[in-house]
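Data block below; observations after.
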Amino acid sequence: MSEDWISRFQGLSRLPERIRGILDARSTVIRMPKGTVIFGPGNSPENLLFLLDGTVRVQQLAENGREIVLYRVQAGESCVMTTACLLAYEDYSAEGVAETDIKAAAIPRAVFDDLISQSKEFRTFVFSAYSKRITDLFHVIEDIAFQRMDIRLAQKLLDLKQGDTVKATHQQLAAELGTAREVISRQLSEFQRRDWIKQTRGNVELLDEASIAKLAQSETS
């Protein structure tokens, strides 16, 4: 394998040549189709994956049965959940699903352990990425706890839109926002009453994107 994949990760490309050589020699590029469950609760991580192409959705099932999307791993990123489990020698407590077809470089646990203990540069890369994602997770928690649902839903519609349409069910939007489907249904009905959207099965058409954007940018009262 060449080191081409390493150059796609800014932190890795700055590592000493010896460390890059180890990553190159000991890594394997893997591919998984859309919908693959990459990891799940109770499983132990065997590799740290560096995502080269595609998107992975990391989600958790709450005790009340509600599904919550924690974050997404995009191309050029690694998964903080996997990092945490590798560092703590613990099993996963959440699920990672390939949202698209994906391609990733897999670093075996043994290589990860060796580099964490031996390379200051590799440790810095791992913990920098870890701290950034933890900060993102705190923002998710803050939003769920304190921000108004109509504002969060407006923001999510803008984030997920393709053209002027969001392809998502009420249940999928509820999972994205960590709430109940009924809450999303009521709020979408209110948006529709205002003529901001039009709903069809599995789709939300944005009719008045300017009003939705204005709400998304408003402050929580």
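If you're wondering where the values come from, they're calculated on a predicted model, not measured in any experiment.
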Identify whether [X] and [Y] are in the same connected component of the hydrophobic contact network (ILVMFWY, side-chain heavy atoms under 4.5 Å).
| X | Y | result |
| --- | --- | --- |
| Tyr89 | Phe112 | no |
| Val204 | Leu207 | no |
| Leu23 | Leu87 | yes |
| Met149 | Ile151 | yes |
| Met81 | Val69 | no |

Heavy-atom donor-acceptor pair, [X] side chain to [Y] backbone, under 3.5 Å:
| X | Y | value |
| --- | --- | --- |
| Gln172 | Thr169 | yes |
| Arg123 | Ile116 | yes |
| Arg20 | Leu15 | yes |

Quick one: does [X]'s side chain get under 4.5 Å of [Y]'s, heavy atoms only?
| X | Y | answer |
| --- | --- | --- |
| Val56 | Cys79 | no |
| Glu95 | Gln60 | no |
| Leu86 | Leu48 | yes |
| Leu206 | Thr165 | no |
| Ile38 | Met32 | yes |
| Leu160 | Leu173 | yes |

Closest contact, heavy atoms only, [X] versus [Y]:
| X | Y | result |
| --- | --- | --- |
| Leu51 | Gly54 | CD2-O, 3.3 Å |
| Cys85 | Pro45 | CB-CG, 3.6 Å |
| Gly178 | Ile68 | CA-CG1, 3.8 Å |
| Asn43 | Phe39 | ND2-C, 4.3 Å |

My understanding is that only residues two or more places apart in sequence, or in another chain, count here; which of them pass salt bridge (charged side-chain N to carboxylate O under 4.0 Å, His left out) with [X]?
| X | value |
| --- | --- |
| Glu209 | Lys161 |
| Asp164 | none |
| Lys132 | Asp136 |
| Arg201 | none |

### Query
Using a distance-only test with no angle check, is there a side-chain donor-acceptor pair under 3.5 angstrom linking Gln199 and His170?
yes
### Query
Between Phe125 and Phe50, how do the two ring planes meet: parallel, tilted or perpendicular, split at 30° and 60°?
tilted
Within this structure, what is the [atom1]-[atom2] distance for the pair [X] and [Y], rounded to the nearest 0.5 Å?
| X | Y | atom1 | atom2 | result |
| --- | --- | --- | --- | --- |
| Arg194 | Ile212 | CZ | CD1 | 10.0 Å |
| Leu177 | Gln147 | CG | CD | 9.5 Å |
| Thr36 | Arg31 | OG1 | CZ | 13.5 Å |
| Thr179 | Arg152 | OG1 | CZ | 7.5 Å |
| Gln155 | Glu176 | CD | CD | 13.0 Å |

Can you list everything that forms a side chain to side chain contact (heavy atoms under 4.5 Å, CB included) with [X]? Sequence neighbours excluded, please.
| X | answer |
| --- | --- |
| Ser119 | Ile19, Glu121, Phe122 |
| Tyr130 | Val80, Thr83, Ala84, Ile134 |
| Thr124 | Lys120, Ser128 |
| Gln187 | Asp150, Leu153, Glu190, Phe191 |

Which residues share a side-chain hydrogen bond (donor to acceptor under 3.5 Å, both in side chains) with [X], sequence neighbours left out:
| X | value |
| --- | --- |
| Glu77 | Arg133 |
| Tyr92 | Thr82 |
| Arg109 | Ser44 |

### Query
Is the Lys NZ or Arg CZ of Arg8 less than 6.0 Å from the centre of Trp5's six-membered ring, within 45° of the axis?
no
Result block: side-chain N/O donor-acceptor pairs under 3.5 angstrom for residues 97-108, not counting sequence neighbours:
{"unit_1": "Glu99", "atom_1": "OE1", "unit_2": "Arg72", "atom_2": "NE", "d": "2.8"}
{"unit_1": "Glu99", "atom_1": "OE2", "unit_2": "Arg57", "atom_2": "NH1", "d": "3.0"}
{"unit_1": "Glu99", "atom_1": "OE2", "unit_2": "Arg72", "atom_2": "NE", "d": "3.2"}
{"unit_1": "Glu99", "atom_1": "OE2", "unit_2": "Arg72", "atom_2": "NH2", "d": "2.9"}
{"unit_1": "Thr100", "atom_1": "OG1", "unit_2": "Thr55", "atom_2": "N", "d": "3.0"}
{"unit_1": "Asp101", "atom_1": "OD1", "unit_2": "Lys34", "atom_2": "N", "d": "2.7"}

